Amino acid sequence: MNKYRSHTCGQLNETNIGQKVKLSGWVNRKRDHGNLVFIDLRDHYGITQCVIQNSDKNFGVVETLKPEYVVCIEGNVVARDASVINDKIPTGKIEIVIEDISILSTSETLPFQVSVEEKTAEDLRLKYRYLDLRREKLQRNMKIRDLVIRSMRKRMWDLGFNEFQTPILTSTSPEGARDFLVPSRMHEGKFYALPQAPQQYKQLSQIAGFDNYFQIAPCFRDEDTRADRVFEFYQLDIEMSFVEQEDIFAVGESVIPEIFKEFANGRTVDPNIPRISYDEVLEKYGTDKPDLRNPIIIKDASEIFKDSGFGVFASAVEKGQVVKAIIAPASSDKPRSWFDKLGEFAIEIGLKGLAYMVFTENEVKGPVAKNLDQERINKIKELCGASTGDSIFFVCENLEAAQKAAGKVRIRLGEDLNLIDKNDFKFCWVVDFPFFELDSETGTVGFCHNPFGLNQGGIEALKTQDPLTIKAYQYDMVCNGAEICSGGLRNFDQEAMKIAFAIAGYDEETVKTKFSALWLAFQYGPPPTAGCAYGVDRIVMMLSDEPNLREVILFPINQKGQDLMMNAPIEATEKQLRELHIKLRR
RNA sequence: GGGGGUGUAGCUCAGUUGGUUAGAGCGCGUGCCUGUCACGCACGAGGUCGCGGGUUCGAGCCCCGUCACUCCCGCCA
């Protein structure tokens, strides 16, 4: 028995009755009955009730205890009388009769209660994060985080992958997010960058011949935060050699959905993981990260409205716009106000309004139906698979805007009509992302994703096709409407790269300097490689059923990127700045 | 950079149409209580109503400005 404990606070049960034990932990609660005091002693593992009578020599000490004092208690494990058994905790059948107690440390009055799971202001929780972490929910979440990461590593190792650590102090990368820069002391005027991802390193590891690489890799991006986006986060980063797209999928599918199953805790995991093209998800779900739990599928009704009596849509279609139809199952009995609210929602998301028709028992109601002949109404009904009791909403815009808006309406209807099973996980791979995209500000063509990605159709496509129609071997894994993985096959043909970079507006010299390491390495026998990266924090967030990343990160920053506990960021001293050759502009 | 929400006791919140001394639960303090487990009972302390200005006989409440936190858009290959 060590000085502090023989058992933990979650360990003792009937089998220990009669034993003399030693426990250490925090005073979760004290219930003082005057001549009888109960202490709920808490540690990471659980809570054990300790009791003392006024006849005992230590009674006075126990009476002075306050919440969150740390104490060491020695005593006998005794059975609780049947009438006072606590079924809520595993140790509820026994209690410790205190024979000796020492106070290891004391606590001031708390800024918020640890033993009560009550809503607490975010900044207060973050300032006293170590107190917040003592609470049951965060203890549980951090435990899940550990187990998930442990499971990831084990599964990757079992598949024959090696984990390597890539540098944190590295070089800035020209494309992508804003970098965090670290000034160099030894090289005046030069800066390191923290990695947005180990992208180039992992490709170089494959050029180095390490066939299967993975890493639980820290990544840093200096972009505004969100509930599901923070400055620093972890990826399960993967790169493989001599593989095709399906090989990457096979690895992902034998790791990620399996981990979801492992931590499902009563929830279900759909074993079917469809591959859906980028074009198709936009058409059917109006987003590149569809929530497949939502059964609504968007349909294109442009042809039906062409030359129809519904003038607004007919003329819009004539001008090249499209009409998207979104079915709202079993909604015909919704009050007028429900339809009005959806109209307001439509305006919020930038639409002029939301047309709809309602299929009731005897008639078709709603603003669209009045101006449409029966044949067209039937066609729409058939198109959407609608029947009596359903309604259909219509969005009319140019293609991209219509898809996006219809996607938002689809999500809204899914929530409103309670169509989503919150206890289910549904995955899919979104494949065939575009290789190039039009920069909305400059109007020029640029890379859609990794500039070293492989395009479909090879050099031939690069030379002959309209760049914006070229697809990439680029894919995302999506779960319940959240992107949890992104990856692609890599280009390893330097000739093709030159052409691709030229289309994106880079001359060879620029590529050579900006991506010097990869560019040089590609001259020395690069293998075909592919990879992807899974968002570890997001996966833990989903498995913990939390809406915010801060709930699954040990010491998170706030929305403004400050660590309220450590007080970061903070001004540097004159000496530090001098050493770093930095002069502040005031 | 833009939009929404919130800000009242240590914590979570209520506060009516602008009207007396701003309330509740928890926590905290004191006392009582031998079977509680969110113990109970009694008493008590505790307030720059985020901050600044304005309207008014009178502002927690109305108006203007500002700050903090949070959610979203932009941004995030």
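Keep in mind the model is a prediction, meaning the values are calculated, not measured. Quick note on labels: first sequence line is chain A, next is B, and so on, each numbered from 1. Computed from heavy atoms alone, side chains included, the values below leave out hydrogens, waters and symmetry copies.
- G18(B) makes up no base pair with any nucleotide shown, lacking Watson-Crick or G-U wobble contacts both under 3.5 Å.
- Annotation: salt bridge (Lys or Arg N to Asp or Glu O under 4.0 Å) contacts of Asp537(A) (sequence neighbours excluded): Arg145(A).
- Nucleotides of RNA chain B nearest to Asn86(A) and Val116(A) differ in position, and the one nearer the 5' end is that of Val116(A).
- With sequence neighbours excluded, the residues that form a side chain to side chain contact (heavy atoms under 4.5 Å, CB included) with Lys560(A) are Asn558(A), Gln562(A).
- For Ser171(A), there are no side chain to side chain contact (heavy atoms under 4.5 Å, CB included) partners at least two apart in sequence or on another chain.
- Using atom P as the reference point in both A9(B) and G47(B), the two lie 10 Å apart (nearest Å).
- Residues meeting the salt bridge (Lys or Arg N to Asp or Glu O under 4.0 Å) test with Lys66(A), sequence neighbours left out: none.
- Contacts of Glu74(A) classified as salt bridge (Lys or Arg N to Asp or Glu O under 4.0 Å), with partners at least two apart in sequence or in another chain: none.
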Open item on the list: For a side-chain hydrogen bond (donor to acceptor under 3.5 Å, both in side chains) check, start with the C-alpha distance between Asp237(A) and Tyr213(A), then their side-chain angles and the critical distance, and finish with the verdict.
Closed with: CA-CA 8 Å; Asp237(A) 197 44; Tyr213(A) 146 95; 2.9 Å; yes
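- The CG-C1' distance, from Asn35(A) to C39(B), rounds to 15 Å in whole Å.
- With a cut-off of 3.5 Å on both pairing distances, the Watson-Crick or G-U wobble partner of G40(B) is C32(B).
- In terms of polar N and O atoms assigned as donor or acceptor, the side chain of Arg80(A) comes within less than 3.5 Å of the base of C37(B) in a complementary pairing.
- The nearest whole Å value for the distance from the CG atom in Asp563(A) to the P atom in C69(B) is 13 Å.
- The side-chain ring of His33(A) is not stacked on the base of U36(B), judged by centre separation under 5.5 angstrom and plane angle under 30 degrees.
- Counting to the nearest Å, the P atom of C41(B) and the CZ atom of Arg31(A) are 15 Å from each other.
- Put simply, CG on Asp132(A) is 13 Å from C1' on C11(B), counting in whole angstrom units.
- Just one residue in the list Arg29(A), Lys30(A), Arg31(A) forms a salt bridge (Lys or Arg N to Asp or Glu O under 4.0 Å) with Asp40(A), and that residue is Arg31(A).
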Task: Stepwise salt bridge (charged side-chain N to carboxylate O under 4.0 Å, His left out) test for Lys341(A) and Glu344(A) - done: CA-CA 5 Å; Lys341(A) 272 202 183 123; Glu344(A) 286 168 26; over 6 Å; no
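- Residue contacts shown for Asp81(A) are absent, as no nucleic acid heavy atom lies under 4.0 Å away.
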TODO: Any chance you could list the contact pattern along nucleotides 70-77 of chain B? Use B for base contacts, S for sugar-phosphate-only contacts and - for none, protein heavy atoms under 4.0 Å, 5' to 3'.
DONE: BBSBBBBB
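- Taking atom P on both A38(B) and G27(B), the two are 12 Å apart, rounded to the nearest angstrom.
- Within the structure, side-chain hydrogen bond (donor to acceptor under 3.5 Å, both in side chains) pairs that include any residue of residues 84-97 of chain A comprise Gln49(A)-Glu95(A) (at least two apart or interchain).
- Counting heavy atoms from C-beta on, the side chains of Val281(A) and Thr287(A) never come closer than 4.5 Å.
- Within the structure, side-chain hydrogen bond (donor to acceptor under 3.5 Å, both in side chains) contacts touching residues 398-407 of chain A (residues at least two apart or in different chains) are Glu283(A)-Gln403(A).
- Nucleotides A45(B) and G29(B) are separated by 16 Å at their P atoms, to the nearest Å.
- Spacing between A77(B) and C11(B) at atom P, rounded to whole Å, works out to 39 Å.
- Within residues 480-519 of chain A, no residue places a heavy atom under 4.0 Å from RNA chain B.
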Restricting to nitrogen or oxygen on both sides, can you table the protein-nucleotides 6-10 of chain B pairs closer than 3.5 Å?
from, atom 1, to, atom 2, distance (Å)
G10(B), O2', Pro111(A), O, 2.9

- [ ] Begin from the C-alpha positions of Phe501(A) and Phe447(A) and carry the test ring pair (Phe, Tyr, Trp, His ring centres under 6.0 Å) through to its verdict.
- [x] CA-CA 8 Å; Phe501(A) 274 104; Phe447(A) 288 109; 5.1 Å; yes
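- Separating the CD atom of Glu108(A) from the P atom of C28(B) is a distance of 13 Å, rounded to the nearest angstrom.
- The shortest side-chain heavy-atom distance between Pro167(A) and Tyr192(A) does not fall under the 4.5 Å cut-off.
- Taking a pair to require two hydrogen-bonding distances under 3.5 Å in either a Watson-Crick or a G-U wobble arrangement, G25(B) pairs with C11(B).
- Atoms CD1 (Ile347(A)) and C1' (G3(B)) sit 17 Å apart, rounded to a whole Å.
- Using atom P as the reference point in both G40(B) and G25(B), the two lie 12 Å apart (nearest Å).
- The same atom, C1', is picked in G46(B) and in U30(B); the two are 15 Å apart, to the nearest Å.
- Using bins of under 30°, 30° to 60° and over 60° for the plane-to-plane angle, the ring pair Trp429(A)/Phe249(A) lands in the parallel bin.
- Listed pair Lys88(A) / A38(B) meets the phosphate criterion, a side-chain N or O lying under 4.0 Å from OP1 or OP2.
- To the nearest angstrom, P of U36(B) lies 11 Å from CD of Glu95(A).
- The only member of Lys471(A), Gln245(A), Gln456(A) that meets side-chain hydrogen bond (donor to acceptor under 3.5 Å, both in side chains) when paired with Asp432(A) is Gln456(A).
- Distance, Phe38(A) CZ to U36(B) P: 7 Å, rounded to whole Å.
- For the P atom pair drawn from C39(B) and G44(B), the interatomic distance equals 24 Å after rounding to whole Å.
- Residues from residues 64-74 of chain A placing a heavy atom under 4.0 Å of any atom in RNA chain B, listed by number, are Lys66(A), Pro67(A).
- Nucleotide A68(B) has U6(B) as its partner under the Watson-Crick or G-U criteria, with both atom distances under 3.5 Å.
- A distance of about 27 Å separates the C1' atoms of C71(B) and C62(B), rounded to the whole Å.
- Qualifying salt bridge (Lys or Arg N to Asp or Glu O under 4.0 Å) partners for Arg275(A), counting only residues two or more places apart in sequence or in other chains: Glu246(A), Glu253(A).
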